[in-house]
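The structure under discussion appears below in the form of structure tokens.
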Amino acid sequence: MRDDYLREAQKKITDPMILVNVVSRRAKQLKSGYKPLIESLERLSAEDMALREIMEGKITYQLSEPVED
């Protein structure tokens with residue numbers, strides 16, 4: 001992963017655990033054939049593409065409420 005992309009994405013998702021999970025899930029989607037939400041002139045890894053999508057506000061997250069029994 002590119003350090004500059006990681007630093008910029010951390011400004012959008014400040015919790016490192018959440019950022020790792022969001023990047024991981026999106027990278028898996030990209031590797032399985034989902035189309036990128038941004039265009040890039042350079043060839044990026046799935047992880048870097050996920051970071052760029054987060055940086056540009058194309059990917060967000062929502063924490064689910066705990067389920068009570």
For Pro36, the option from Gln29, Met49, Lys58 that meets side-chain contact (heavy atoms from CB on, under 4.5 Å): Met49

Any donor-acceptor N/O pair, Glu53 side chain to Leu37 backbone, under 3.5 Å: yes

Residues which pass side-chain contact (heavy atoms from CB on, under 4.5 Å) with Tyr61, listed by chain and number, not counting sequence neighbours: Ile13, Ile18, Val22, Leu63

Sidechain N-carboxylate O distance under 4.0 Å for Glu42, Arg2: yes

Nearest-0.5 Å distance, CE of residue Met55 to OH of residue Tyr5: 6.0 Å

Contacts of Gln10 that satisfy side chain to side chain donor-acceptor pair (under 3.5 Å) - sequence neighbours left out: none

Minimal non-hydrogen separation, Arg26 against Tyr34, with atom names: NH1-CB, 3.9 Å

Enclosure of Glu39 CD (heavy-atom neighbours >12, cutoff 6.0 Å): no

Hphob cluster co-occupancy, Val20 + Leu51, side-chain heavy atoms under 4.5 angstrom: no

Shortest non-hydrogen contact between Ala27 and Ala46, atoms and distance: O-CB, 3.8 Å

Shortest non-hydrogen contact between Leu19 and Ala9, atoms and distance: CD1-CB, 4.1 Å

Glu56 vs Glu8, side-chain contact (heavy atoms from CB on, under 4.5 Å): CA-CA, chis, key distance, verdict: CA-CA 9 Å; Glu56 295 184 21; Glu8 288 300 314; over 6 Å; no

Joint hydrophobic cluster, Leu44 plus Met1, side-chain heavy atoms closer than 4.5 Å: yes

From Glu47 atom CD to Leu6 atom CG, the distance as rounded to the nearest 0.5 Å: 12.0 Å

